[in-house]
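Take a look at the structure set out below.
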2 protein chains.
Amino acid sequence: MAASRDPRPCSIADALALVGEKYSLLVLREVCLGNGRFDQLVRNIGAPRDILATRLRRLVDAGILTKRVYSERPQRFEYRPTPAGLELEPVLLTLMAWGDRHLRQDDERPMVLEHSCGHELTPVVACAACGGTVVHEDLTSHPQTPGWTVKGPTAA
Amino acid sequence: MAASRDPRPCSIADALALVGEKYSLLVLREVCLGNGRFDQLVRNIGAPRDILATRLRRLVDAGILTKRVYSERPQRFEYRPTPAGLELEPVLLTLMAWGDRHLRQDDERPMVLEHSCGHELTPVVACAACGGTVVHEDLTSHPQTPGWTVKGPTAA
DNA sequence: TCTCGTGGGTTGGAAAATCAAACCCTTCAG
DNA sequence: CTGAAGGGTTTGATTTTCCAACCCACGAGA
C-alpha cells in the first residue's frame, strides 16, 4: 500500500488512494446503476467475493457508500452511493467515453446513456467559469505546494 | 490479472484494464505536465522503478504514450502522451476536482489549473448535445448487450 | 422435520504483484 | 580513472489477489 518517499502532493493521487484499487470504480458503477446487493456486485463485476467485501468496507469507511438494511428478517443489505459517491460519477462518465472512443473501432458500445434533454449523452469536460470545452492546450498548471514546481521538487 | 466469469461488458471496465493499475494514471498526470523522463517519474510519483518500467511498457503498447529519444549520445528517452493519452486528461481533471472537494476540508489544493479564459479551472461534466451540466438524476442507462439489463444478466 | 436455496459474507492456501535495494551499462565531466 | 547522471534490470522478501470451500440465518417446499 505504501509508495516511496515524497511524491508530488496531488488530489489525483489522494483520490486514487481511495478509489483506485482494482474493482473500486466498478463497484461505484454498479451502485450508481442501482445494483447495490452483494451478489449482484459479484456477478456484474466479476470480482472475488472476499476482495469485494474488502472494497465495500473501504468505500463505506471513506464515506463514498452507505450500507443500508433493506430487509430485516431475513437481514439483507444494500450498498448505495452517498452524495460524495455520486460526485464520482463524472469520473466514470469520462472513462466510459474514452473507452467507447478508443477501445472499440466498431461502433458497438456496451451501454448508452440518455440525458434528460432527450439526446444520447456524450460527456465533455467544460470550464465552469466560461462554459467552454476544456482541451489540454488551454490549461496552465500552478502547483501550490512550497518546494514543488511543475517539473518536480526544487532544491531537494 | 483475470476476473471471474462473465462480468458486465463495459467501456469503464475496459478502460480501467488499461489504465487502472496502480500508478498508471499518475504516470499520465506527469507526462501531461511535461515530465516524461524516467527519474522525474520515479521522483514525482514515488513508484518503484521496476513497476514504473512495466507500466510505461504497457502504456506505450496501448498507444497512450510514446517513447521518444531526446538525445542520442548519451541516449536518453522521454515519454509523451499520444492524442489518445491526452484524451484521458478529462479523467484526471474530474478525479482532481473530486479530491479537491472531498479530501481536503481545508482550502489547500496542491495544484490549481488556469483555463485560457483567464479563470481558475473548475471542471464540470456537460452534455455535448445540450450543454447542460450532467447530474445523476438526469441520466438513464440503456445496456446494448443482448442478455444484459441494468440489473444484470437475464436468464443466466 | 429435513432439505434446499438465497443472501451475505469469512477462511485457507496457492499464485501473482509489489516493494526496496542493489546492481548494470553507457556516456560525459573533472 | 573516478564519479555522476540517466535509464533501466535483477533479486529476494512482503503483500495482494485469487478461487474454492465453508459458514450462518432465514424461508419455502415436501
Side-chain angles (χ1 to χ4, degrees), chain A residues 1-7 13 16-27 30-31 34-61 65-80 151-153 155-156, chain B residues 1-7 13 16-27 30-31 35-61 65-80 151-153 156:
Chain A
M1 204 62 147
S4 323
R5 60 126 160 277
D6 252 10
L16 286 173
L18 281 184
V19 300
E21 291 168 302
K22 201 172 174 183
Y23 304 120
S24 292
L25 286 175
L26 299 182
V27 168
E30 289 301 318
V31 299
N35 302 334
R37 306 191 188 173
F38 191 80
D39 49 337
Q40 281 180 322
L41 293 171
V42 169
R43 275 195 307 278
N44 295 357
I45 296 174
R49 307 169 73 81
D50 55 342
I51 304 294
L52 202 46
T54 306
R55 295 292 182 271
L56 288 167
R57 266 190 293 272
R58 244 180 104 49
L59 291 171
V60 168
D61 288 353
L65 301 183
T66 52
K67 183 177 185 174
R68 274 186 16 129
V69 172
Y70 72 85
S71 151
E72 311 272 358
R73 328 206 34 79
Q75 198 154 69
R76 296 278 178 269
F77 310 100
E78 182 190 15
Y79 295 90
R80 317 186 85 208
K151 289 303 170 187
Chain B
M1 204 61 149
S4 321
R5 61 130 154 281
D6 251 11
L16 287 173
L18 281 185
V19 300
E21 292 168 300
K22 201 172 174 184
Y23 304 120
S24 292
L25 286 176
L26 299 183
V27 168
E30 288 301 318
V31 300
N35 302 333
R37 305 189 188 176
F38 190 81
D39 48 338
Q40 282 179 323
L41 293 170
V42 169
R43 276 195 306 279
N44 294 357
I45 296 173
R49 307 169 74 81
D50 56 340
I51 304 295
L52 202 45
T54 306
R55 296 292 181 271
L56 288 167
R57 265 189 294 271
R58 243 179 106 49
L59 291 171
V60 168
D61 289 353
L65 301 184
T66 52
K67 183 177 184 174
R68 274 187 17 130
V69 171
Y70 72 86
S71 150
E72 310 271 359
R73 327 203 33 77
Q75 197 154 70
R76 298 275 179 268
F77 310 99
E78 183 190 14
Y79 295 90
R80 317 185 86 209
K151 289 303 170 189

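Reckoned from all heavy atoms, side chains included, excluding hydrogens, waters and symmetry mates. Chain letters run A, B, ... following the sequence lines, proteins first and then strands; every chain starts at 1.
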Determine, for nucleotides 4-13 of chain D in 5'-to-3' order, which nucleotides have protein heavy atoms under 4.0 Å from the base (write B), from only the sugar-phosphate (write S), or from neither (write -). -BSBBBBB--

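- Residues forming a salt bridge (charged side-chain N to carboxylate O under 4.0 Å, His left out) with A/D39 (at least two apart in sequence, or on another chain): A/R43.
- Nucleotide C/dG8 holds its P atom 11 Å from the CG atom of A/L52, rounded to whole Å.
- One can place CD1 of B/I45 at 12 Å from P of C/dC19, the figure rounded to the nearest angstrom.
- Residue A/N44 contributes atom CG, which lies 15 Å from atom C1' of C/dG7 at whole-angstrom precision.
- Cation-pi geometry between B/K67 and B/Y79 is not met at under 6.0 angstrom from the ring centre and within 45 degrees of the axis.
- OP1 and OP2 of D/dT16 both lie 4.0 Å or more from every side-chain N or O belonging to A/Y23.
- Under 4.0 angstrom from either OP1 or OP2 of C/dA17 there lies no side-chain N or O belonging to A/K22.
- With sequence neighbours left out, B/K151 forms a side-chain hydrogen bond (donor to acceptor under 3.5 Å, both in side chains) with A/N35.
- Residues passing the salt bridge (charged side-chain N to carboxylate O under 4.0 Å, His left out) test with B/R68 are B/E78, sequence neighbours excluded.
- Every residue two or more places apart in sequence or in another chain was checked for a salt bridge (charged side-chain N to carboxylate O under 4.0 Å, His left out) with B/R80, and none qualifies.
- B/I51 places its CD1 atom 17 Å from the P atom of D/dT14, with the value rounded to the nearest Å.
- In this entry the distance linking CD of A/E21 with P of D/dT16 reads 9 Å, nearest Å.
- DNA chain D is contacted by both A/R55 and A/R73; A/R55 maps to the nucleotide lying nearer its 5′ end (nearest heavy atom per residue).
- Residues satisfying the side-chain contact (heavy atoms from CB on, under 4.5 Å) criterion with A/I51, sequence neighbours excluded, are A/Y23, A/P48, A/R55.
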